There are 2 protein chains.
Amino acid sequence: MPRTSTKSAAPARRLASSYRLEDQVGFLLRRAYQRASSNLVEQIGSYDLTAPQYATLARLYERGPLSQNLLGRLVAMEPANIRDVVLRLKKRRLVATRRDPTDKRLILIDLTAAGVALVEQLIPIEIECTAKTLAPLKAGQKELLYQLLSQLAER
Amino acid sequence: MPRTSTKSAAPARRLASSYRLEDQVGFLLRRAYQRASSNLVEQIGSYDLTAPQYATLARLYERGPLSQNLLGRLVAMEPANIRDVVLRLKKRRLVATRRDPTDKRLILIDLTAAGVALVEQLIPIEIECTAKTLAPLKAGQKELLYQLLSQLAER
DNA sequence: ATCTATTCGTTATGATCATAACGATATACC
DNA sequence: GGTATATCGTTATGATCATAACGAATAGAT
């Protein structure tokens, strides 16, 4: 079974000894998110939902009807992006949309009965998935990670 | 009265009190990566490079010529994705490609002189950018975060 | 009431991402 | 040698992502 060696024939360059990609938080965060996301898709894969889609459904479940724009902010998605996610969820009849009667700019998004039922099925799975992602950490480290990540993510 | 499919005056649902999206690591990791990535693009924005593109260049700088596939693994990108990144970098003459003479499957990727020069310009900026991303944390917390993220990201 | 600034949703463009399927090449084993 | 298996790069499909520009609707100030 051939596998290309991770060893390089050519020597590294000048500053290489004083710089490593692994020391950059962004790179570590990207890889950690990849792991968490793939765990989620693997766990809820049979429902054919992505992590952002699940987050959108979960937020609606928590908060009730929301304007598309506010929903986007609450799941950290730009207007152009939350739009596409809502369209896909709407196509699957997991959410429904209607115009706000008092503010005609707004599109109110809400879960359908099927959406509510799905979220209630998925929440326990997601909690288990989070536990799986955090499995490499010891008990005390998990709370610590939450605290640190929350500080980084705050706007 | 609202239609059945879109109704839901209730602000929050049953399980909402026992579940919060913020308690899911994946969501926090996604937002933290968003922040780190936007910091990087903001800092090196004038060079018109994305975070994955920078990571690719930095890895090549560290390791010297690599096959496209191995390069992808070293920056955590699937073959189909690293291909596109390499194509964009190649179009800008930051990397060059050639076939491996002993293994005709491989495409060897290496930095051009312009690529090397660019990376050496960017590395100090990236280090500063990492510091900015980590600014909300105290000194001791930064090392802790690295340790925790590394544990999560390891395959 | 009118003018201005802001907000909301849309459109367009381009760059990640993951996955599956495929041909070409290389290796392992007999 | 010859065959089964593995790897490499490509193609295709679909879902995120960010950004900029735009019209419609609202809110704020005077």
Side-chain angles (χ1 to χ4, degrees), chain A residues 1-6 26-27 29-42 44-45 47-56 66-73 75-92 97-109, chain B residues 26-27 29-42 44-45 47-56 66-73 75-92 97-109:
Chain A
M1 43 190 97
R3 180 171 188 94
T4 307
S5 162
T6 57
F27 185 68
L29 285 169
R30 175 166 152 272
R31 291 204 300 154
Y33 174 62
Q34 278 179 344
R35 172 65 53 85
S37 177
S38 75
N39 277 346
L40 179 63
V41 171
E42 183 182 344
I44 67 173
Y47 295 97
D48 204 38
L49 275 185
T50 66
Q53 286 171 7
Y54 169 78
T56 302
L66 297 169
S67 78
Q68 183 172 289
N69 192 278
L70 176 56
L71 174 59
R73 288 202 298 274
V75 292
M77 299 182 64
E78 297 298 317
N81 305 327
I82 187 63
R83 174 183 176 273
D84 288 344
V85 172
V86 165
L87 280 180
R88 291 184 200 102
L89 296 176
K90 186 179 178 182
K91 191 177 299 180
R92 295 173 61 180
T97 64
R98 58 193 160 95
R99 301 217 76 106
D100 186 310
T102 70
D103 187 339
K104 282 183 277 189
R105 294 173 305 177
L106 308 186
I107 295 183
L108 296 180
I109 324 278
Chain B
F27 185 67
L29 286 169
R30 175 165 153 272
R31 291 204 301 155
Y33 173 62
Q34 278 179 344
R35 172 64 54 84
S37 177
S38 74
N39 277 346
L40 179 62
V41 171
E42 184 181 345
I44 68 174
Y47 295 96
D48 205 37
L49 276 184
T50 66
Q53 287 171 8
Y54 170 77
T56 302
L66 296 169
S67 79
Q68 182 171 290
N69 192 279
L70 176 56
L71 174 59
R73 289 201 298 274
V75 293
M77 298 181 66
E78 297 297 318
N81 305 326
I82 186 63
R83 174 184 175 272
D84 289 343
V85 172
V86 166
L87 281 180
R88 291 184 201 103
L89 296 176
K90 187 179 178 183
K91 191 177 299 181
R92 295 174 60 180
T97 64
R98 59 194 159 93
R99 299 217 77 105
D100 186 311
T102 69
D103 186 339
K104 282 183 280 189
R105 295 173 304 177
L106 307 187
I107 295 184
L108 297 180
I109 324 277

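Naming convention: chains lettered A, B, ... in sequence-line order (proteins, then strands); numbering from 1 in each chain. If you're wondering where the values come from, they're calculated on a predicted model, not measured in any experiment.
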Enquirer: So, is A/Arg88 close to the D/dT16 phosphate, meaning a side-chain N or O under 4.0 Å from OP1 or OP2?
Expert: yes

Enquirer: To the nearest Å, how far apart are A/Arg98 CZ and C/dG9 P?
Expert: 13 Å

Enquirer: Return the polar atom pairs (N/O with N/O) between nucleotides 24-26 of chain D and the protein under 3.5 Å, or none.
Expert:
from   : atom 1 : to       : atom 2 : distance (Å)
D/dT26 : OP1    : A/Lys104 : N      : 3.0

Enquirer: A/Arg35 side chain N/O closer than 4.0 Å to the phosphate oxygens (OP1, OP2) of C/dA18?
Expert: no

Enquirer: Without decimals, in angstroms, what is the distance between B/Leu106 CG and C/dA26 P?
Expert: 8 Å

Enquirer: In whole Å, I'd like the distance from the CD atom of B/Glu78 to the P atom of C/dA21.
Expert: 15 Å

Enquirer: Which of these nucleotides, D/dG9, C/dT10, C/dC8, is closest to any side-chain atom of A/Asn69?
Expert: C/dC8

Enquirer: Write down the distance between CG (A/Leu40) and P (D/dA15), rounded to a whole number of angstrom.
Expert: 16 Å

Enquirer: May I ask you to test the B/Arg92-B/Leu49 pair for a side-chain heavy-atom distance under 4.5 Å?
Expert: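 They are in side-chain contact.
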
Enquirer: Would you say A/Asn39 and A/Glu42 make side-chain contact, with heavy atoms under 4.5 Å?
Expert: yes

Enquirer: Can you list the residues that meet the salt bridge (Lys or Arg N to Asp or Glu O under 4.0 Å) rule with B/Asp100, with sequence neighbours excluded?
Expert: none

Enquirer: Please write out each protein N/O paired with an N/O of nucleotides 11-13 of chain D under 3.5 Å, distance rounded to 0.1 Å.
Expert:
from   : atom 1 : to      : atom 2 : distance (Å)
D/dT11 : OP2    : B/Arg83 : NH2    : 2.5

Enquirer: Does C/dA15 have OP1 or OP2 under 4.0 Å away from a side-chain N or O of B/Thr50?
Expert: no

Enquirer: Compute the bend angle of the helix from C/dA1-D/dT30 to C/dC30-D/dG1 from the end axes (five pairs per end), rounded to 10°.
Expert: 30°

Enquirer: Need to verify one output field. Residue with the more 5' nearest nucleotide on DNA chain C, A/Leu108 or B/Pro52?
Expert: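 On the 5' side of the pair lies A/Leu108.
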
Enquirer: Pick base, sugar-phosphate or nothing for B/Arg99, based on heavy-atom distances below 4.0 Å to the nucleic acid.
Expert: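 No contact.
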
Enquirer: When rounded to the nearest 0.5 angstrom, what is the spacing between CG in A/Leu40 and CD in A/Gln53?
Expert: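 The CD atom of A/Gln53 is 10.5 Å from CG of A/Leu40, to the nearest 0.5 Å.
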
Enquirer: For A/Arg105, give me all partners under side chain to side chain contact (heavy atoms under 4.5 Å, CB included), at least two apart in sequence or on another chain.
Expert: A/Asp103

Enquirer: With a cut-off of less than 4.0 Å, is there a side-chain N or O of B/Gln34 near OP1 or OP2 of D/dC17?
Expert: no

Enquirer: In whole Å, what is the span from the CG atom of B/Asn81 to the C1' atom of D/dC17?
Expert: 13 Å

Enquirer: To the nearest 0.5 angstrom, please state how far the CE atom of B/Met77 sits from the CG atom of B/Asp84.
Expert: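 Spacing of CE (B/Met77) from CG (B/Asp84) equals 8.0 Å.
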
Enquirer: If you check every side-chain atom of B/Gln68, which of D/dT10, C/dT10, D/dC17 has the closest atom?
Expert: D/dT10

Enquirer: Hey, is the main chain of A/Ala76 close enough, under 3.5 Å, to the side chain of B/Gln34 for a donor-acceptor pair?
Expert: yes

Enquirer: Within the pair B/Arg30 and D/dC17, is there a side-chain N or O less than 4.0 Å away from OP1 or OP2?
Expert: yes

Enquirer: Grab the two heavy atoms, one from B/Ala55 and one from B/Val75, that are nearest each other, plus how far apart they are.
Expert: O-CG1, 3.7 Å

Enquirer: Roughly how many Å is it from CD1 in B/Ile107 to C1' in C/dT25, rounded to a whole number?
Expert: 13 Å

Enquirer: By the 4.0 Å heavy-atom rule, please label A/Val85 as base, sugar-phosphate, or nothing.
Expert: sugar-phosphate

Enquirer: Does A/Arg30 form a side-chain contact (heavy atoms from CB on, under 4.5 Å) with A/Tyr33? I'd like the steps, not just the answer.
Expert: CA-CA 5 Å; A/Arg30 175 166 152 272; A/Tyr33 174 62; 6.0 Å; no

Enquirer: Run the side-chain hydrogen bond (donor to acceptor under 3.5 Å, both in side chains) test against A/Arg99 and tell me which residues pass, sequence neighbours left out.
Expert: none

Enquirer: Taking CZ from B/Arg92 and P from C/dG14, how many angstroms apart are they, rounded to a whole number?
Expert: 14 Å

Enquirer: Between CG of B/Leu108 and CG of B/Leu71, what distance do you get to the nearest 0.5 Å?
Expert: 11.0 Å

Enquirer: What nucleotide, of D/dA18, D/dA15, D/dG9, holds the atom closest to the side chain of A/Gln53?
Expert: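 So the nucleotide nearest the side chain must be D/dA15.
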
Enquirer: For the CZ atom of A/Arg83 and the CD1 atom of A/Ile109, what is their distance to the nearest 0.5 Å?
Expert: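 One finds 11.0 Å between CZ of A/Arg83 and CD1 of A/Ile109.
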
Enquirer: Could you check how far CD of B/Glu42 sits from P of D/dT19, rounded to whole Å?
Expert: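 Distance, rounded to whole Å: 9 Å.
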
Enquirer: Please state whether the phosphate of D/dC17, meaning OP1 or OP2, lies under 4.0 angstrom from any side-chain nitrogen or oxygen of A/Tyr33.
Expert: yes

Enquirer: Roughly how far, to the nearest 0.5 Å, is the CD1 atom of B/Ile82 from the CG atom of B/Leu89?
Expert: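 B/Leu89 atom CG to B/Ile82 atom CD1 measures 8.0 Å (nearest 0.5 Å).
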
